[in-house]
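All values reported here derive from a predicted model rather than from experimental measurement.
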Amino acid sequence: MASFTLHGIPVSRGIAIGRAHLLKPAALDVKHYLIPEDQVEAEVSRLQNAIATVHKELQTLWNELPKDSPAEVGAFIDVHALILSDPMIAEVPLDIIRTRHYNAEWALVTQIDELSAQFDEIGDPYLRERKADIQQVGERVLKVLTGTAATLPKQDADGSAAHMVLVAHDISPADMLQFKDRSFGGFVTDVGGQNSHTAIVARSLDIPAAVGMYNASALIAQDDWVIVDGDAGVVIVDPPQVVLEQYRERQARLMRERKKLGKLKKTPAITKDGTEITLLANIELPEDCTAAVEAGASGIGLFRSEFLFMGRTGYVGKLPSEDEQFEAYRKAVTLMKGRPVTIRTLDIGADKPLDTAEQTALNPALGLRAIRYCLAEPQIFLMQLRAILRASAYGPVRLLIPMLSHTSEIDQALVMIEQAKGQLRDAGKKFDPLIPVGAMIEVPAAALALPMFIKRMDFLSVGTNDLIQYTLAIDRVDHEVAHLYNPLHPAILYLLSHIISTGARENIPVAVCGEMAGDTKLTRLLLGMGLREFSMHPTQLPSVKNEILNSDLTILGMQTRKILRTMDPVAIAESVSQLGTL
């Protein structure tokens, strides 16, 4: 068979080389037939039993979680269990069987398709990819109904089996647990994006992966030799011997470099010219703090609090209580042992509905989301603010407000923070009265109107993912326009440089917490712009620190100023790749 190459989206760095193992799904294309009236309740019971079986499977997975499993994995199992309990999955298909007399598989798929269509209308890329979680839960139930299951290759008795590369249409995070202790080197999927749960787990497990390959599972055959280049998002199938050897050499070199980087954990992030840089971690759950400390993070630059609200679809009355939120925030603060923890308030709204029954906005990315939603739901916002403030009594906490773009929003948010403080004083509960409050700069209007933030806020944090998306009008998960998503676009560089230089001039701290902060190809560019605070996934910290240790800010500053005067994207990319060289 001739060698060929597939191109997709890189989501987890590194190189994997191994034999392809195809995971065949219990396809959502199922048999359709009508159930006689006298057998309807029996069919309802068949679906109920299948759902109960999957509940037991998920509980078993949870109980058998290896102690070294990333916290994200357990959280995603919880999400799948909550989705399975949601009336939209647990009850609506039963009603379809009773009213339309569909067989169980047909009823379930009908509802899954309906929910998937609703998620396709969501503008926010992160939440839109949650459609995959609903489909993965549906797959599990279908596997029970149809008697099929994902099969894994047998291990050699001596454990010497070649690393396998999993190839699938999609892989659920829960299923990935089954592969963790096997000869599993990487994975390739037809669907998915940077923000899919599977991509997040891949990064946390540090497994090379490429997603969004469209039809990889149809083109790659069982036992084909496969190379996954996680840095480039490239998959090479049946590579020539010379290519295979080149990648094996690169893989060995990367392993040596990774081992070397591991020794930098306790080394201060100081440039060659003696400037100290602050390296922080982005987390989704309190348990992630352990990995952040182990990676050498100086604190948490972004705690995405919406993960505490995930998986409660259909249960608006069962949002996390103030005490539940407080315990999660307190745990993070305690685990960081005196290092600062920046907690972003709820980034949810019309594009991230707390209830699937809610109407989705026509253009949700521009609708009632983040701070707009919180101001429209003051009780939810006040409850979260009180929980965050209470956690500040246990260590340094910073409060971060997302998607601000108007002075009225800033002023209202600050008033509500004071209101929450007053409520805690009345209740006799402790908190830090001087807790720093910051703004996320992720809307072009905010980047261009910084004085209104500088007068009112203690710090700024740049969310480059949204800033790029809103500035270029590009949905980076939309495969048809993803090639236009470019962090090195002259407009993006201008905005970033403007934010960083304004912060330095006005003596207000500025951090970057988007994906650009963890991309080593951009580290020197950001340093040259004057950035002194980076926040990223814990696994990215050592490689970014290595770039910092080998950088001279005097040289980078001069070279970066020249790049910022360039308008040619090709010339910009070339110059950025050579930053730091003379």
Side-chain angles (χ1 to χ4, degrees), residues 275-283 297-305 339-347 369-372 374-375 385 388 392 396-414 416-417 434-471 487 491-518 522-523 525-536 560 564:
T275 303
E276 187 165 0
I277 306 299
T278 302
L279 294 182
L280 306 167
N282 297 341
I283 65 168
S298 300
I300 300 302
L302 177 63
F303 183 158
R304 298 184 177 98
S305 66
R339 301 173 183 87
V341 176
T342 304
I343 303 172
R344 181 175 70 185
T345 58
L346 190 59
D347 190 358
R369 57 162 297 195
I371 188 58
R372 300 171 185 177
C374 287
L375 293 176
L385 290 175
I388 294 172
S392 71
V397 171
R398 304 195 306 173
L399 212 161
L400 181 61
I401 312 293
M403 207 184 169
L404 289 165
S405 57
H406 299 272
T407 52
S408 59
E409 293 171 340
I410 300 172
D411 292 340
Q412 287 179 65
L414 293 175
M416 292 193 71
I417 291 169
L434 300 177
I435 185 171
V437 180
M440 281 201 78
I441 306 298
E442 47 193 337
V443 179
L448 294 169
L450 289 175
M452 67 183 186
F453 292 94
I454 289 168
K455 291 176 182 177
R456 296 167 172 84
M457 293 294 177
D458 300 307
F459 66 96
L460 304 176
S461 189
V462 186
T464 55
N465 303 353
D466 270 341
L467 184 63
I468 295 168
Q469 186 160 254
Y470 284 124
T471 304
I492 302 301
L493 299 188
Y494 169 78
L495 290 175
L496 277 174
S497 176
H498 171 64
I499 297 165
I500 294 167
S501 61
T502 301
R505 187 171 62 250
E506 299 293 338
N507 199 30
I508 183 169
V510 175
V512 168
C513 62
E515 286 180 23
M516 287 183 72
L522 304 177
T523 303
L525 175 67
L526 293 172
L527 287 171
M529 287 183 180
L531 185 68
R532 300 295 179 261
E533 195 169 306
F534 295 67
S535 191
M536 68 206 73
T560 300
L564 293 173

Taking the side chain as every heavy atom from C-beta outward, state whether Leu279 and Met536 have any atom pair closer than 4.5 Å.
yes

For the student: nearest non-hydrogen atoms of Ile435 and Arg398, plus distance
CG1-CA, 4.4 Å

Rounding to 0.5 Å, atoms CG (Leu467) and CD1 (Ile499) come to a distance of 5.5 Å

Between Leu495 and Leu448, is the side chain to side chain contact (heavy atoms under 4.5 Å, CB included) condition met? List the steps.
CA-CA 8 Å; Leu495 290 175; Leu448 294 169; 3.6 Å; yes

Run the salt bridge (charged side-chain N to carboxylate O under 4.0 Å, His left out) check on Arg344 and Glu442 step by step: do they pass?
CA-CA 13 Å; Arg344 181 175 70 185; Glu442 47 193 337; 5.1 Å; no

Scan the side chains in residues 502-512 for donor-acceptor partners under 3.5 Å anywhere in the protein, sequence neighbours excluded, and list what turns up.
from   : atom 1 : to     : atom 2 : distance (Å)
Thr502 : OG1    : His498 : O      : 2.6

Mind listing the closest non-hydrogen atom pair of Glu515 and Thr464 along with its distance?
N-OG1, 3.5 Å

Going by heavy atoms in the side chains, are Met457 and Val437 under 4.5 Å from each other?
yes

Should Met440 and Ile371 be marked as a side chain to side chain contact (heavy atoms under 4.5 Å, CB included) after you check the CA-CA gap, both sets of side-chain angles, and the distance that decides it?
CA-CA 10 Å; Met440 281 201 78; Ile371 188 58; over 6 Å; no

If we only count heavy atoms from C-beta on, is the Leu522 to Pro487 side-chain gap below 4.5 Å?
yes

pair Leu399-Leu385: side-chain heavy atoms closer than 4.5 Å
yes

Should Phe459 and Leu400 count as side-chain neighbours, where that means a heavy-atom distance under 4.5 Å?
yes

Taken to the nearest 0.5 Å, the spacing of Leu450 CG from Ile441 CD1 works out to 5.5 Å

Quick check on side-chain contact (heavy atoms from CB on, under 4.5 Å): which of Leu531, Leu525, Leu527 does Met529 satisfy it with?
Leu525

From Gln412 CD over to Leu404 CG, what is the distance, rounded to the nearest 0.5 angstrom?
10.5 Å

Nearest-0.5 Å distance, CD1 of residue Ile283 to CG of residue Leu302:
8.5 Å

Separation of Ile277 CD1 from Ser298 OG (nearest 0.5 Å):
11.0 Å

Enter the distance from Met403:CE to Cys374:SG here, rounded to the nearest 0.5 Å.
12.0 Å

Quick one: does any side-chain atom of Asp347 pair with a main-chain N or O of Arg304 as donor and acceptor, under 3.5 Å?
no

Over all heavy atoms of both residues, which pair between Gly301 and Ser535 is shortest? Give the atoms and the distance, please.
CA-OG, 3.2 Å

Shortest non-hydrogen contact from Pro444 toward Thr471:
CG-OG1, 3.4 Å

I'd like to check Val462 versus Met516 (side-chain heavy atoms, cut-off strictly below 4.5 Å). Are they in contact?
no

Of the non-hydrogen atoms in Leu564 and Ser497, which two are nearest, and what is the gap between them?
CD1-OG, 3.3 Å

Taking all non-hydrogen atoms of both residues into account, name the closest pair between Val443 and Ser405 and its distance.
CG1-CB, 4.3 Å

